[in-house]
Each structure stands twice: as C-alpha cells, then as structure tokens.
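Everything numeric here is computed off the predicted structure, so don't read it as measured data. Numbering of ligands and ligand atoms starts at 1, following listing order. The first residue in the sequence is number 1, and the count goes up from there.
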Amino acid sequence: MKPYHQIPIVECSEPLVKIPLELFAVESPHPYEKLGAPYGEHSPYYLRKSVIENLIQAQNYLHLLLPNWRIQIFDAYRPVAVQQFMVDYSFAQVVQQRGLTQVDLSPNQRQEIWELVYEIWAVPSLDKQTPPPHSTGAAVDVTLVNDAGQVVNMGSLIDELSERSHPDYYANNSHPQTQEYHAHRQLLRDVMLKAGFQRNPKEWWHFSFGDQMWAWLNNQIHPANLFTARYGRII
Ligand SMILES: C[C@@H](N)C(=O)N[C@H](C)C(=O)O
Ligand SMILES: [Zn+2]
C-alpha cells in the first residue's frame, strides 16, 4: 500500500476517450505494445475525457512559451494485465542486467529486485480500492519534442530504474548540461501543473489528473482541502 491508496475513490463515470494523437507527438511504435504487452481489444492511446482536455490545455501553455514545441505521449491507458506484464518484464530485465537467472535468485535477491521495480512501477492490483494509476485512464507519461522535431533530452530515459528518474535529480548540479535537463523537466512540470495535473514525486515523466495519487498530492499542498479521487479502475 502506498499512502495515496488511502484516498477514497468517488467514481464519476466519465468516459475513456481516444486521444487526438494528431495534436501531439507520439512515441512510436508504442513502447509496451512492441514488447508484446497484452492490450487485447484495448489501446494505450485513451484517457478520461477531462484528462485529454487538460493535456490539450498543457500543450497550449507550452505553445505560449515555445510555439513549435509539442508534448510527446509515451504511454496513457494501461489495463492491469499490461501493468502486470510490465512489472514482470522489468523484473526480468534487472535479473538479466545483473547476469543472474530467475530460478537461482535467493529470497533476499528476489526481494531487493522487486523493491527496485516497485520504486517506479505501481503494483498491478486488481483491488478496486488500489488501482494502478494508468488503469484509471487518469495518468499519462509524457516528454517534450522541440521545434526541430527532436525529443528533448531530460537527462534520463522514461522508465529508467535509477535515481536519475527523480524529478529534482539534477536540481543542485551546476554543470550547464545538467542545468538544461532540469530546466526541461521544470518546463514540462510547469505546463502540466498549470493545466491541473500533478507529477509523480519519483518520475519526471508521470502526470495524472483525478486519480488517487493526484488527490493525495493536492492534499499535501492544500491540507485544508480534502480531495478525493474521481477516477477508479476502468475494467
Ligand atoms: C514506470 C512508469 N511508466 C509508471 O507509469 N509508473 C507509475 C507509478 C505506474 O506504474 O503507474
Ligand atoms: Zn506513468
């Protein structure tokens, strides 16, 4: 259980809607579909209606500052089966990178690797009270594309299992290159927060609107308000 799982969900039943991809840049092919993630009849390119409206708003804010830049969508809706696939895939990746094999792992090694995986991945819970954020249609993983059509360097790749994923990892580094990474992360954060999103404190790319994490983060900032989540798990 994460602290945000204590937030009550008052499902508003807003529909999951196709993202108008033509308005944004899009990571292609989709990073999890290309790994064979089991989407079935679902598509990652869906979000709740208001979440899409806010994402368009965020890009409008970006355009006021940098007219030809775009928000690039890396991932959005994620069925729990895909969440399960991705945590298993990430676990296997770490095992392989360390030159280990799954059957030979000691209980301590296994636990340590799971803790690493769950640093950035939500548990693929089927409990309606503790849905993975992306399974609610309220969370989106994004980065920026510049006016030359290039993906902006944020100082680490999306889904990297390291401290470089922490939004403020480069905040106190005086090297000009790392200052630029931090400035790009701040730019993404600023336009997304202005449009109503909250950012995952451990991932520079993960934003949400209306889910438990969003409500919990709002309550940290405004303790007098008691936000609840308006979106729960879709299927
Ligand atoms: C790992 C990243 N793609 C992500 O989405 N993380 C959050 C916490 C999640 O799994 O919901
Ligand atoms: Zn995410």
Which of the atoms of ligand 1 are close to [X], meaning less than 4.0 Å from one of its heavy atoms?
{"X": "Tyr32", "result": "3 (N)"}
{"X": "Ala122", "result": "8 (C), 9 (C), 10 (O), 11 (O)"}
{"X": "Pro133", "result": "11 (O)"}
{"X": "Asn200", "result": "8 (C)"}
{"X": "Asp159", "result": "1 (C), 2 (C), 3 (N)"}
{"X": "Trp205", "result": "2 (C), 3 (N)"}

Using a strict threshold of under 4.0 Å (side-chain N to carboxylate O), is an ion pair present between Glu112 and Arg98?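 Salt bridge: yes.
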Within less than 4.0 angstrom of ligand 1, does [X] place any heavy atom?
{"X": "Gln83", "answer": "yes"}
{"X": "Lys202", "answer": "no"}
{"X": "Tyr118", "answer": "no"}
{"X": "Phe74", "answer": "no"}

Other residues, nucleotides, ligands: >12 heavy atoms within 6.0 Å of Lys18 NZ: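 Buried by this count: over 12 neighbours within 6.0 Å.
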Determine, using ring centers only, whether Tyr39 and His30 are less than 6.0 Å apart.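 They qualify: ring centres under 6.0 Å apart.
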Taking the six-membered ring for Trp, are Tyr169 and His182 ring centroids under 6.0 Å apart?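 So the answer is no for these two rings.
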Is there side-chain contact between Asp75 and Trp205, with at least one heavy-atom pair below 4.5 Å?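 Side chain of Asp75 against side chain of Trp205, heavy atoms only: no contact under 4.5 Å found.
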Answer with side chain, backbone, both or neither: which part of His206 has a heavy atom less than 4.0 angstrom from an atom of ligand 1?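 Side chain only; the backbone of His206 stays clear of ligand 1.
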Which residue and non-hydrogen atom of the protein lie closest to atom 4 (C) of ligand 1, and at what distance in Å?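 Checked against all protein heavy atoms, atom 4 (C) of ligand 1 sits closest to Glu203 OE1, 3.4 Å.
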Which pairs pass side chain to side chain donor-acceptor pair (under 3.5 Å) with one or both residues in residues 222-235, sequence neighbours excluded?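 Non-adjacent pairs meeting side chain to side chain donor-acceptor pair (under 3.5 Å): Glu14-Tyr231.
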Rounded to 10 degrees, what angle sits at the Zn ion (ligand 2) between His206 ND1 and Asp141 OD1?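 Once rounded, the angle between the two atoms at the Zn ion (ligand 2) is 110°.
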Which class fits the ring pair His184 and Trp69: parallel under 30°, tilted 30 to 60°, perpendicular over 60°?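 Rings of His184 and Trp69: tilted, 30 to 60°.
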Would you call the rings of Tyr118 and Trp114 parallel, tilted or perpendicular if under 30° counts as parallel and over 60° as perpendicular?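 Tyr118 and Trp114: parallel rings.
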I'd like to know if the side chain of His5 and the backbone of Lys2 have a donor-acceptor N/O pair within less than 3.5 Å.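 Answer holds: yes.
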Out of Asp141, Ile120, Thr136, whose heavy atom is nearest to atom 7 (C) of ligand 1?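 Among Asp141, Ile120, Thr136, the closest heavy atom to atom 7 (C) of ligand 1 comes from Ile120.
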Metal check, the Zn ion (ligand 2) vs Asp75 N/O/S, cut-off below 2.8 Å: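 Checking Asp75: none of its N, O or S atoms is under 2.8 Å.
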Considering just N/O/S atoms, say which atom of His134 is closest to the Zn ion (ligand 2).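 Minimum-distance N/O/S atom of His134 relative to the Zn ion (ligand 2) is NE2.
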Modelled atom types, side-chain donor and acceptor of Trp121 and Ser90, under 3.5 Å: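 A pair is found: one side chain offers a donor N or O, the other an acceptor, under 3.5 Å apart.
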